[in-house]
K.L.:
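Would you mind keeping the following structure in view while I ask a few things?
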Amino acid sequence: RAFVRMADVGHRYDPSPDAPMAVQDINLEIHRHEFVAVVGPSGCGKSTLLRMVSGLLVPSHGEVSVFGKPVDGPRDDVGIVFQKPTLLPWLNVRKNILFPLKHKYGRYSRADEKRAEELLAIADLEAFGDKMPDELSGGMQQRVGIVRALLLNPDILLMDEPFSALDAMTREQIGFDLLKIWDEQPKTVLFITHSISEAVLLADRVLVMSKRPGTVLDLIDVDLERP
Ligand code: ADP
Ligand code: ADP
C-alpha cells in the first residue's frame, strides 16, 4: 500500500504555456517507513519533488496523495530539514528542539521533554542541551535540526541535502548518528543528496532523476546490510 503516491505529476513554475516544465511525467509510490534517497544532477527537480510532497508546492499537473488523500496545501504531519540548520540563536539547544511543539500545540509535556533528552542522546548531543547554537559546530547544529524535526513525530521526514555543507568526516559521523535515530523511530523519509555513497548508506531505495526533462528514471532497491 502506497504511503506517498505521485501520478502523472508535472510542474511549471512559470504559468505561461511555452515555459519549460521543471519536472514532468513523475509516477512513483513510496511505502510507509521506507527511506528513499533522491539523487540526480543539480536542477533536475529534486527540491521541487520534495516541496510537492510537503504541500508547500501544488503541482500544475497530476496528483500527489499521501495515504490516499490528495495533497492540496501545506501539511502539518511533515517534518523538513534543510541544508542549513535554522536554529533560533536566542534559545538554547533544548528550547530550540522543543520550540516547534510549543508553537504547534502551545505547550509541551514532561514526556516530550524526556523524548527530547533521549533524541539528544542518540545524536550524541546529551551534554549540549544547555548550550546556545553558536557554541556548537555546524555538524552539531545540523544534528539539532534533525532532532527537532523528529521530536515533532511527523509521518514524513523530508531532508533537502542536510549534510552537504559539512566535510566528509562529519558527514559520515552524522550519517551513522542519523541511522541510530532511524532504527529507534522508523519514519517515512525522502532524502535529497548529491552523494551516491550517502544514498546507498542510508536508503532502502534510491530514486534517480534525470536532468532533462526532469523525470524519474528509476527507483532502485538498495540491497545492502546496514552497518
Ligand atoms: P534540484 O533540487 O534538483 O537542484 P530544483 O527542483 O531546485 O532542482 O529545480 C528544478 C528546475 O526548476 C530548475 O530548472 C530550476 O531552475 C527551476 N526552479 C526551481 N525553483 C524555482 C522557482 N521558485 N521559480 C522558478 N523556477 C524554479
Ligand atoms: P505505526 O506504524 O506506528 O503502528 P500506524 O500504522 O498505526 O503507525 O499509523 C500511524 C499514523 O498513520 C496514524 O496517524 C494513522 O492515522 C495514520 N494511518 C495509518 N494507516 C492509515 C490509512 N490507511 N489511512 C490514513 N491514515 C493512516
Side-chain angles (χ1 to χ4, degrees), residues 2-30 34-66 70-75 77-86 138-139 141-142 145-146 149 154 156-168 170-171 174-175 178 187-222:
F3 185 66
V4 177
R5 187 193 304 271
M6 301 182 109
D8 299 322
V9 167
H11 187 69
R12 178 183 269 139
Y13 283 99
D14 178 344
S16 65
D18 52 350
M21 303 285 285
V23 294
Q24 68 183 39
D25 300 329
I26 294 185
N27 289 284
L28 61 88
E29 290 186 352
I30 293 166
E34 197 167 42
F35 193 126
V36 175
V38 185
V39 300
S42 183
C44 71
K46 302 182 294 296
S47 299
T48 300
L49 187 97
L50 222 72
R51 271 180 234 141
M52 294 189 300
V53 174
S54 74
L56 291 173
L57 176 69
V58 177
S60 51
H61 299 72
E63 189 176 83
V64 180
S65 57
V66 174
V71 176
D72 52 12
R75 307 173 58 82
D77 56 353
V78 168
I80 310 185
V81 178
F82 295 106
Q83 201 166 331
K84 293 227 176 81
T86 47
Q141 290 185 31
Q142 191 62 318
I146 294 170
I156 313 173
L157 186 60
L158 305 175
M159 295 194 272
D160 196 342
E161 308 231 19
F163 309 144
S164 66
L166 312 174
D167 65 75
T170 317
R171 209 150 48 217
I174 291 178
L178 179 67
K187 289 271 161 271
T188 308
V189 178
L190 258 174
F191 177 88
I192 294 180
T193 178
H194 269 110
S195 158
I196 299 284
S197 59
E198 223 169 74
V200 170
L201 178 68
L202 294 172
D204 302 315
R205 286 203 289 169
V206 178
L207 193 155
V208 185
M209 292 186 75
S210 68
K211 186 163 182 76
R212 266 185 225 134
T215 56
V216 171
L217 285 180
D218 211 345
L219 255 169
I220 306 162
D221 284 318
V222 178

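Every number for a ligand or one of its atoms is a count from 1 in the order of the listing.
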K.L.:
Answer yes if a protein heavy atom lies under 4.0 Å from atom 11 (C) of ligand 1, otherwise answer no.
P.N.:
yes
K.L.:
Heavy-atom contacts under 4.0 Å between K211 and ligand 1: side chain, backbone, both, or neither?
P.N.:
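Looking at K211 and ligand 1, no heavy atom falls under 4.0 Å.
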K.L.:
Report yes if some N/O of A22 lies less than 3.5 Å from some N/O of ligand 1; otherwise report no.
P.N.:
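There is no such contact.
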K.L.:
Among protein heavy atoms, which sits nearest to atom 4 (O) of ligand 1, and what does the distance come to when rounded to 0.1 Å?
P.N.:
G43 N, 2.7 Å
K.L.:
Between the side chains of D25 and T215, is a donor N or O closer than 3.5 angstrom to an acceptor N or O?
P.N.:
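No, no side-chain donor-acceptor contact under 3.5 Å.
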K.L.:
Quick one: does L202's side chain get under 4.5 Å of F35's, heavy atoms only?
P.N.:
yes
K.L.:
Can you check whether L219 reaches V36 side chain to side chain, under 4.5 Å on heavy atoms?
P.N.:
yes
K.L.:
Might you check, step by step, whether the distance between atom 7 (O) of ligand 1 and some protein heavy atom is under 4.0 Å?
P.N.:
yes
K.L.:
Going by the atom numbers of ligand 1, which of them fall below 4.0 Å from some non-hydrogen atom of K46?
P.N.:
1 (P), 2 (O), 3 (O), 4 (O), 6 (O), 8 (O)
K.L.:
For M21 versus H61, what's the shortest heavy-atom pair and its separation?
P.N.:
CE-ND1, 3.7 Å
K.L.:
Write down the atom of V222, the atom of A203, and the distance for their closest heavy-atom approach.
P.N.:
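Taking every non-hydrogen atom into account, CB-O, 3.5 Å.
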K.L.:
For T48, take its heavy atoms, then give the atoms of ligand 1 lying under 4.0 Å from any of them.
P.N.:
5 (P), 6 (O), 9 (O), 10 (C)
K.L.:
Do V58 and V71 have side chains that approach each other closer than 4.5 Å (heavy atoms only, starting at C-beta)?
P.N.:
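Not touching, per the 4.5 Å side-chain cut-off.
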K.L.:
Within the 4.0 Å heavy-atom shell around S42, which atoms of ligand 1 are there?
P.N.:
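Those of ligand 1 that fall under 4.0 Å from S42 are 4 (O).
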K.L.:
In the protein, what heavy atom is nearest to atom 27 (C) of ligand 1, and what distance, to one decimal place, separates them?
P.N.:
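Looking only at protein heavy atoms, the one closest to atom 27 (C) of ligand 1 is Y13 CD1, 3.2 Å.
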K.L.:
Which ligand 1 atoms are under 4.0 Å away from a heavy-atom of R51?
P.N.:
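Near R51, the atoms of ligand 1 are 20 (N).
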K.L.:
Would you say the side chain of L158 lies within less than 4.5 Å of the side chain of V81, judging by non-hydrogen atoms?
P.N.:
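Side chain of V81 against side chain of L158, heavy atoms only: no contact under 4.5 Å found.
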